[in-house]
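Worksheet: one structure, shown below.
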Amino acid sequence: MLDTLIAGLLRGNIYALGAVGISLVFGVMNVVNFAQFSFFGLGAMLAWFGIVKLGLPFWLALPLVLVMCAGFGLLTNVAVVRPLAKYLPLAAMLSTFAVSQILDNASQVAFGANFRAFPKVLPTSNFRVGNLAFGTSDLVMLGITIVVMVTMSLFLKYGRIGRAIRATSQDQEAALQVGIPVAGVQHVSFVIASALGGLAGVFIALYVGVANPSSGLETGLVAFVAATLGGLGSLVGAVIGGFVLGVLEAFGIHFFGDTAREIIVFAVLIIVLIVRPGGLLGRVPLISSEPLTGTFLGRGRPFRIPKWVWPIALVIAAVVVPLVGGDYVLTTGTQVLIYATIGAGFTLTAGQAGVLALGQAGPIAIGAYSSALLTTVVHLPFWVALPVSGLIAAIIASILSSPIWGVKGHYISIATLGVGTVIVAVIQLVFPQGIYGIPFPDWFGTPLTSPLAYYLIDLGVLVITLVVMWRIRRSHLGKVIASVGSDETAAVASGVRARDYKALAFAVSAFFAGVGGSLLAHQYTYIDPTIFTTLMSLLVVTIVIMGGVNLPYGAVLGSIVLIGAMELLRFTPELRIIVYGLVLILVVRFRPGGLLVRNS
């Protein structure tokens, strides 16, 4: 047991370094910084390049990595985050996600996408405690973490800039009024956070023995959870959260195996947020509305699309595209239509209820697996399994998420991310090999296997989805849900049970996500948990935001741009994602309400 504890502390040490940077930026700018994840992978690759290709000694390569990561962090804040943070927290958050995609794929272009053996610049197994082998590298990492934490504590307590950071974190407006250069403080915070991310990345690579440009996502998510667990904005809480998660993860793997790791990590997060809504040492959010979307609704009013546009659009989609487009266009069109269906349903949660749920991959996975099992085991026809899968996704997602609707502020979005991740992790535990031989849809016994058949099925489902969402928006129910998203405090004062209506909106969104998962399963004819990733959840969010968070038909436009148009660059995957990131940054910069929303 002692060796498991030591292994957990060593792993938690890495999480703590990453969590401090995430928490620092959040405390100063109120922005969830997804770009921090990329600095883990970038730091590892820069260190590998400096040591292996340039022949630099480790102790010279390490400070150079920190300087370069700090420079990239400063550039990110100056060029992208700060210009958008003054508009909306959501815009800034999405921009950091876009920067993350750009950094990861630019790193792949520069260094290659393959895993590289990281040089053993420090001994990694020259000490033993029981069955556990550890090395000088682990002790150096722990020592550096202690030095960093002590230095940061003294800097924040006694340093002039450190005190300015604390003041800005507590009240940005008051800091401005007393003459604190808030912009400079935010730049310094990003520089420190990015350098810490690069430092953590180097030690991750040294710990596991390999480096990869995209290796930071998994560790970054856990570091993000650690920061949330400790309390976003609390540096001490970030350190505690990192070590707590490292120890819990180590014991979880020891007793239940590696497949239970994500379940343990995110289950702990959800439980803590329910008991301590602000994290272990963080402040409980004082506002009752979701800051990532609550301010979003007032940014503009939707374009009024004339009624005659709809039949023309339907004719183009149902007649012109099938006649003119070949199999490749139709295959791409099926993906556009499926994600448009999922996104259209999600607008009820994000746009009207005011909750930016980040875990849509969970309900999508439930729908996919439910439909696969219903058709392969129970032998239900596809047309019955399709709506039943959506219903199952809505029920399961609602039950699992029911405890989180009392969580406030940014934390509710993070809690939904945890729920979605736990769902996918449980599915992976039950079905580690996936499901093969999922039957094609059929029509009175005739299998529908052509791209045209898939396209028409998906188009029909999307049309039904848009009609249902249009009816909900115009109904009394839709108006009540919208009142919760616009001003939850006023809605509660008027007798509206905000928590119940948030849960109902999430259930409706989960239903359509489950339907989309069912469509994906029958068109792939094979599914496994690796399909339903955090990136899938974030793709749904960006589709909705790009089209207009409050507009179901905006999800169609968002899906066309982010999935259909991006297919033009399919021959170069890295460049494709870089362009995707740039397009997303441009949209949230110049159309913060979405393409189909105009400024008020």
Inset, instruction - Anything under 30° is parallel, anything over 60° is perpendicular, the rest tilted; go ahead and classify Phe251 against Phe255. - result: parallel

Inset, instruction - Compare all side-chain heavy atoms of Asp104 with those of Ser100 and state whether any distance is below 4.5 angstrom. - result: yes

Inset, instruction - Check whether any side-chain heavy atom of Leu17 lies under 4.5 Å from a side-chain heavy atom of Met149, and answer yes or no. - result: yes

Contacts table for residues 187-206: side-chain donor-acceptor under 3.5 angstrom, sequence neighbours left out:
unit_1 : atom_1 : unit_2 : atom_2 : d
His187 : ND1    : Asn77  : ND2    : 2.8
Ser189 : OG     : Val185 : O      : 2.9
Ser194 : OG     : Phe190 : O      : 2.8

Inset, instruction - Compare all side-chain heavy atoms of Tyr339 with those of Met536 and state whether any distance is below 4.5 angstrom. - result: yes

Inset, instruction - Can you measure from CG (Leu235) to CD1 (Ile165) and round to the nearest 0.5 angstrom? - result: 9.0 Å

Inset, instruction - Compute the ring centroids of Phe512 and Phe346, then answer whether they are less than 6.0 Å apart. - result: no

Inset, instruction - Determine the minimum heavy-atom distance between Leu417 and Leu358, stating which atoms define it. - result: CD1-O, 3.5 Å

Side chains of residues 224-233: which donor-acceptor partners sit under 3.5 Å, not counting sequence neighbours?
unit_1 : atom_1 : unit_2 : atom_2 : d
Thr228 : OG1    : Phe224 : O      : 2.9

Legend entry - Within-4.5 Å side-chain heavy-atom neighbours: Thr542 and Phe97: yes

Legend entry - Approximate separation, where rounding is to 0.5 Å, of Phe506 CZ and Ser398 OG: 7.0 Å

Legend entry - Ring centroid separation Phe39 to Phe72 under 6.0 Å: no

Inset, instruction - List the atom of Thr349, the atom of Ala357, and the distance in Å for their closest heavy-atom pair. - result: CG2-CB, 4.4 Å

Legend entry - Test item: Leu9 and Val247 side chains (from C-beta on) under 4.5 Å apart, heavy atoms: yes

